[in-house]
Amino acid sequence: MGRPVKLALYLLIFLCISERLLRLGFVNREEQIPVSLPRKHLRKMPLKMVDVTPSDFDQAFEKFNSENGRIKFILFLADIDPSTSVSWCPDCVRAEPVIYKKLEESSSDVLLLRAYVGDRPTWRTPNHPWRIDSRFNLKGVPTLVRWENGSVQGRLEDHEAHVPSKIETLLS
């Protein structure tokens, strides 16, 4: 194929793609410049999750705290009951899928530290490490905490952690 034919073919392909972009609304016809993408075409950012327990929390939390450029959340939740393969906490069972869905739908880069409080008897202990830690002041599970600049910037506790609109507000 000669050079003039290749150029004509490239020009035809370019024109077809340009017309398709115009029809889809990616380019403004008057100005011929890209416009903002429709919501359905936005790329979702990956949700990075790290799992910890009270015994390995300090080391993981230090690394989590040093992460930059991401929106950071801590989700305190109950362990999975080995006999049922389901969390012993019904509020956690209800909230987890909603929280993950909302965080995954975010166009921001999100880091989620999932902090498992332990089995029911461990969690019920009044001196559980996260109950007495003044940084978190944890009262119940699930609790979703937005962590910024070394402190809690917002939180959703057990009775509200499953509400999509409240999760969206915490994300913004």
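A side-chain donor-acceptor contact under 3.5 Å links D56 to the backbone of T53. Judged by distance alone, the side chain of T125 and the main-chain N or O of N127 form no donor-acceptor pair under 3.5 Å. Side-chain N or O atoms of S87 include one that pairs as donor or acceptor with a backbone N or O of C89 at under 3.5 Å.
Taking the side chain as every heavy atom from C-beta outward, T122 and H128 approach each other to under 4.5 Å. For the pair V86/V93, a side-chain contact is recorded, criterion being any heavy-atom separation below 4.5 Å from C-beta on. In this structure, the side chains of L156 and V163 stay at 4.5 Å or more apart for every pair of heavy atoms. Using a 4.5 Å heavy-atom threshold, the side chains of D81 and D119 count as separate. A heavy-atom distance below 4.5 Å is found between the side chains of L170 and L144. Between T143 and R155 there is a side-chain heavy-atom pair separated by less than 4.5 Å. Contact annotation: the side chain of L138 never approaches that of I132 to less than 4.5 Å [non-hydrogen atoms, C-beta and beyond].
Summarising the geometry of D91 relative to P142, their closest heavy-atom pair is CB-CD, 3.5 Å, with the distance given to 0.1 Å. Among all heavy-atom pairs drawn from K166 and E160, the shortest one is NZ-OE1, 3.2 Å. Contact record, G118 with W88: O-NE1, 2.9 Å, taken as the closest heavy-atom pair. K139 approaches N137 most closely through the heavy-atom pair NZ-OD1, 2.9 Å. Residues V110 and R70 approach most closely at O-NH1, 4.3 Å, considering heavy atoms.
Under a hydrophobic clustering in which Ile, Leu, Val, Met, Phe, Trp and Tyr are joined whenever their side-chain heavy atoms come within less than 4.5 Å, directly or via other members, L103 and V52 fall into different clusters. Residues W147 and V117 share a hydrophobic cluster, clusters being chains of Ile/Leu/Val/Met/Phe/Trp/Tyr side chains in contact below 4.5 Å. F73 is connected to L77 through a chain of hydrophobic side-chain contacts under 4.5 Å among Ile, Leu, Val, Met, Phe, Trp and Tyr, so both are in one cluster. Linking ILVMFWY side-chain heavy atoms closer than 4.5 Å, directly or via other members, places L171 and I74 in two distinct hydrophobic clusters. If you chain together hydrophobic residues whose side chains sit under 4.5 Å apart, V141 and M49 never meet in one group.
In this structure, CD1 on I99 lies 10.0 Å from NE2 on H162, to the nearest 0.5 angstrom. Rounding to the nearest 0.5 angstrom, the gap separating the NZ atom in K72 from the CG atom in N149 is 8.0 Å. Here the CG atom belonging to D133 is positioned 8.0 Å from the CZ atom belonging to F61, to the nearest 0.5 angstrom. In this structure, the separation between CG on N65 and CG on D58 is 11.5 Å, given to the nearest 0.5 Å. The CG atom of D51 lies 4.0 Å from the CZ atom of R114; values are rounded to the nearest 0.5 Å. Distance check, rounded to the nearest 0.5 Å: CG of L113 to CG of L111 gives 7.0 Å.
Aromatic pair F136/F57: centroids less than 6.0 angstrom apart. If you look at Y116 and W130, their ring centroids are not closer than 6.0 Å.
Under a 4.0 Å N-O distance rule, the pair E105/K102 qualifies as a salt bridge. Ion pairing between a basic and an acidic side chain is recognised when a charged N comes within 4.0 Å of a carboxylate O; E148 and R146 show such pairing.
Using a 3.5 Å distance cut-off with no hydrogens or angles, the side chains of S106 and E104 do not pair a donor with an acceptor.
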